[in-house]
Amino acid sequence: MGFDYLRDNMAIYANEQVQRGHAFAIVDEVDSILIDEARTPLIISGMGDKSTELYDMAEMLAARLVKYVVPEVNEKEEEDVDIDADYVVDEKAKTATLTARGIKKAEEFFHLDNLSDPENATISHHINQAIKAHGTMKRDVDYVIKDGEIIIVDEFTGRLMFGRRYSEGLHQAIEAKEHVNVQRESKTLATITFQNYFRLYGKLSGMTGTARTEEEEFATIYSLDIVDIPTNQPVIRIDNEDSVYKTENGKYRAVVNQVKACHEKGQPVLVGTVSIEKNELLSKLLTKEGIKHNILNAKNHEREAEIIAQAGKLGAVTVATNMAGRGTDIMLGGNAEYMAKNDLRKAGMTDEMIAEATGYAETEDQEILDARALFAEKLAQHKKEIAGEADQVCTAGGLFIIGTERHDSRRIDNQLRGRSGRQGDPGETRFYISLEDDLMRLFGGDRVTNIMEKMNLDEDTPIENKMLTRSIEQAQTTVESRNFQARKSVIEYDDVMNKQREIIYDQRKKVLDGMDVKDIIMNMMNTAISNHVSHAFAGAAHLDVTAYRDMMRGVEGLYFPKYTVKFSEEEIPTLSVEAVTDALTEAAAAYYEKKEQEFTSPMMREVERVVLLRVVDEYWMDHIDAMADLRQGIRLRAYAQVDPVIAYKKESLEMFDEMIAAIQEETVRRLYSVRIKKDEEVQRQRVATATSENVGGDGTVKKQPRRVQKIGRNDPCPCGSGKKYKQCCGRNA
């Protein structure tokens with residue numbers, strides 16, 4: 001929906017638009033979309049410059065540099081020039097910074113005197129992205145390599161995000177790091193944040209099982225209230241206190257023992273992990289113990305529905321990455337509907353026919369009716385089979401959920417917990433945590449570590465108490481608060497851009513809807529000529545001859561033919577601003593009318609519309625890049641006791657005014673320059689293009705595609721020059 005909105009506002013004709021306004025939105029998994037996804041804006045990219053060799057060179061340098069990881073930021077350490085590393089990685093902020101030693105190595109590698117010089121900004125940017133790719137981006141956590149491409153993994157759902165790329169050259173830096181083909185850079189054509197897209201709707205609503213923890217953000221950014229709906233059946237699931245271990249090894253041993261104990265009594269287990277890397281590690285440990293299990297992560301998401309649907313069968317063990325928005329209920333004893341669909345698939349039915357068989361649309365098609373009868377028969381058969389198994393699973397305690405790590409957000413943990421105890425089913429949950437987990441290491445604080453140290457426990461002895469659980473939740477609250485502030489900051493800046501976006505898109509829509517733009521073009525022309533005249537007078541009451549000639553050079557041949565407006569040398573010193581402006585605008589208007597008669601009015605209106613839209617789009621794209629650059633550096637204003645957001649608003653307004661002026665001038669220039677090509681010119685251009693495509697730069701003839709009309713070498717050249725083809729456009733052919 002967001003990308004459609006952006007594409008609609010890049011359309012040249014109204015019939016290319018697909019959205020009909022923004023009245024009312026209902027968003028499923030509303031917290032996932034409006035909160036988690038909202039950290040990253042939607043961007044439509046076009047082909048940018050060809051990828052440079054700098055990515056590979058920066059990668060060669062980064063691979064040689066020594067990394068130093070600071071779990072808890074210590075400003076004194078960061079500033080220490082004697083630190084024994086070339087760059088420092090801050091895991092909390094996900095940043096990587098060169099040390100003095102690293103800068104020296106970079107300067108030697110690229111043969112530079114000073115890496116900080118403005119002319120070295122591009123090299124510096126590539127180096128920063130390369131060390132960020134090495135220091136903060138982890139394979140099988142943040143991304144995977146599939147078919148020679150880097151595919152981003154969604155940190156909230158664990159799914160692969162095909163077609164998405166990191167911006168600002170980070171994706172290319174990762175491609176260079178992993179030695180896959182470095183794809184060309186992209187240029188931002190249009191962008192909007194999730195927050196500002198959804199705030200376009202007059203009414204916004206949604207549903208989710210886990211919104212209460214984000215109540216403040218929903219109220220602040222979207223003005224949405226949260227209403228709790230009680231569960232259909234009372235929840236009888238047992239949520240145990242967290243088991244906290246000293247080391248990761250101790251934690252995983254405990255998880256495997258718990259899985260083994262459940263498996264022996266037939267209780268199904270779902271184990272949640274935070275990344276593909278941890279997912280595969282746990283799978284290896286279970287295989288070593290001889291426990292048969294299913295594994296679900298971004299690498300095998302094709303079998304997602306099948307794996308989740310059968311995770312409640314007697315004795316089933318499933319190891320999965322994040323469970324957000326999986327869309328399939330885990331039914332105790334197995335999913336009869338899924339089994340029946342599988343039978344239809346085995347009977348040779350297509351997915352389309354299976355969809356018809358499980359649907360309720362009225363039909364007289366005998367094939368669909370037969371398929372529905374077979375589905376009903378198989379469904380009844382499987383329900384009967386699993387009824388006994390469901391009772392056995394309930395007796396064993398229902399689905400046991402094991403969390404192997406706390407996520408940054410409490411909601412994701414709650415989504416994992418909520419897979420058990422559905423519709424009044426029995427169930428049990430427990431989270432296993434170690435002090436070596438990322439969340440505990442970075443945000444746990446000294447309190448938890450001190451408790452563990454005082455008790456002097458070994459790595460296989462857990463602690464379970466409410467104080468520890470509260471400390472862990474406090475760490476999660478800290479991360480959630482940081483993420484909220486990051487999203488709030490994004491929207492503060494984007495609100496400025498949003499006002500400008502609304503102005504541009506609103507004007508575009510009026511043009512698309514058929515507004516007559518001739519008056520606008522005439523006003524633009526008047527403004528452009530007035531600016532030329534004002535610049536020539538430069539505040540003086542009268543013109544001198546030199547300034548007059550400079551001014552005429554800027555307008556003659558563009559707004560009207562040469563010598564259309566003539567003043568004698570005696571008249572020039574007596575002319576006023578108004579007299580010159582009136583004379584020039586009258587000549588320009590007359591020339592435009594003459595051009596319109598040549599084109600015909602309907603064609604001129606179409607040309608005006610298309611030229612105006614194209615110029616607006618080109619300048620708007622450049623403005624997006626300029627605003628991104630401004631935002632990169634504006635935060636430094638805080639050091640001068642200036643609010644960066646206020647400075648951003650002020651400077652972006654000036655840039656917007658400059659862009660509008662540039663759009664007006666360029667639109668008028670193009671419209672006054674446009675002309676109709678004659679048939680022979682079009683033919684000449686076609687022949688020239690065909691020739692350039694078939695003759696190499698070294699003069700050798702490339703293999704020519706078969707043409708409809710064959711031109712002999714001695715035939716007259718179709719360009720109309722009167723020469724033979726071989727002596728004119730067909731040279732070397």
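Index from 1, following the sequence. All values below were derived from every heavy atom in this structure, side-chain atoms included, with hydrogens, water molecules and symmetry-related copies excluded.
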Residues Arg609, Tyr13; criterion side chain to side chain contact (heavy atoms under 4.5 Å, CB included); working and verdict: CA-CA 9 Å; Arg609 214 178 55 75; Tyr13 297 98; 2.9 Å; yes
Checking side-chain polar atoms at under 3.5 Å, does [X] have a donor or acceptor matched by the opposite partner on [Y]?
X: His111; Y: Glu108; result: no
X: Gln172; Y: His126; result: no
X: Asn114; Y: Asp117; result: yes
X: Asp494; Y: Thr193; result: yes

Does the pair [X]/[Y] count as a salt bridge with the N-to-O cut at 4.0 Å?
X: Asp506; Y: Lys510; value: yes
X: Asp617; Y: Arg614; value: no
X: Arg199; Y: Asp495; value: yes
X: Arg605; Y: Glu608; value: yes

On a heavy-atom basis, which atom in [X] and which in [Y] lie closest, and how many Å separate them?
X: Thr220; Y: Lys488; answer: CG2-CE, 4.4 Å
X: Ala173; Y: Tyr55; answer: N-CD2, 4.0 Å
X: His623; Y: Ser652; answer: CE1-O, 4.3 Å
X: Phe3; Y: Leu42; answer: CZ-CD2, 3.7 Å
X: Ile624; Y: Leu189; answer: CD1-O, 3.8 Å
X: Leu653; Y: Gln500; answer: N-NE2, 4.1 Å

Indicate yes or no for a side-chain donor-acceptor contact from [X] to the backbone of [Y] under 3.5 Å, with no hydrogens or angles considered.
X: Glu606; Y: Pro602; value: no
X: Asp8; Y: Val18; value: yes
X: Thr581; Y: Val577; value: yes
X: Gln507; Y: Ile504; value: no
X: Ser534; Y: Ser530; value: yes

Atom [atom1] of [X] and atom [atom2] of [Y]: how far apart are they, to the nearest 0.5 Å?
X: Leu65; Y: Leu98; atom1: CG; atom2: CG; value: 7.0 Å
X: Leu115; Y: Phe110; atom1: CG; atom2: CZ; value: 8.5 Å
X: Leu613; Y: Asn9; atom1: CG; atom2: CG; value: 10.5 Å
X: Asp582; Y: Leu575; atom1: CG; atom2: CG; value: 11.5 Å
X: Arg553; Y: Lys562; atom1: CZ; atom2: NZ; value: 9.0 Å
X: Ile221; Y: Ile491; atom1: CD1; atom2: CD1; value: 5.0 Å

Within a strict 4.5 Å, meaning less than it, do heavy atoms of the [X] and [Y] side chains meet?
X: Val565; Y: Val555; result: no
X: Met659; Y: Asp622; result: no
X: Val615; Y: Gln664; result: no
X: Pro41; Y: Ile192; result: no
X: Asn128; Y: Ile131; result: yes
X: Met1; Y: Phe198; result: no
X: Tyr559; Y: Thr585; result: no
X: Thr136; Y: Thr95; result: no

Should the heavy atoms of other residues, nucleotides or ligands under 6.0 Å from [atom1] of [X] be counted, would the total exceed 12?
X: Lys518; atom1: NZ; answer: yes
X: Lys509; atom1: NZ; answer: no
X: Asp657; atom1: CG; answer: yes
X: Glu556; atom1: CD; answer: yes
X: Arg670; atom1: CZ; answer: yes

side-chain contact (heavy atoms from CB on, under 4.5 Å) against His171, all qualifying residues, sequence neighbours excluded: Ile150, Ile152, Arg165, Tyr166, Glu175
Listed partners of Lys649 passing side-chain contact (heavy atoms from CB on, under 4.5 Å), at least two apart: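 Scan of Lys649 (side-chain contact (heavy atoms from CB on, under 4.5 Å), adjacent residues dropped) gives Val496, Val645.
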Residue pair Glu59, Val182: steps toward the side chain to side chain contact (heavy atoms under 4.5 Å, CB included) verdict: CA-CA 11 Å; Glu59 163 56 26; Val182 179; over 6 Å; no
Steps toward side chain to side chain contact (heavy atoms under 4.5 Å, CB included) verdict (Ile660, Tyr619): CA-CA 9 Å; Ile660 296 296; Tyr619 278 82; over 6 Å; no
Establish, yes or no, whether a centroid distance under 6.0 Å links the rings of [X] and [Y].
X: Tyr87; Y: His134; answer: no
X: Tyr5; Y: His22; answer: yes
X: Tyr672; Y: Tyr592; answer: yes
X: Tyr648; Y: Tyr493; answer: yes

Working for salt bridge (Lys or Arg N to Asp or Glu O under 4.0 Å), residues Arg669 and Glu666: CA-CA 5 Å; Arg669 192 189 68 74; Glu666 181 63 14; 2.9 Å; yes
From CA spacing to verdict: side chain to side chain contact (heavy atoms under 4.5 Å, CB included), Ile663, Trp620: CA-CA 9 Å; Ile663 285 173; Trp620 177 243; over 6 Å; no
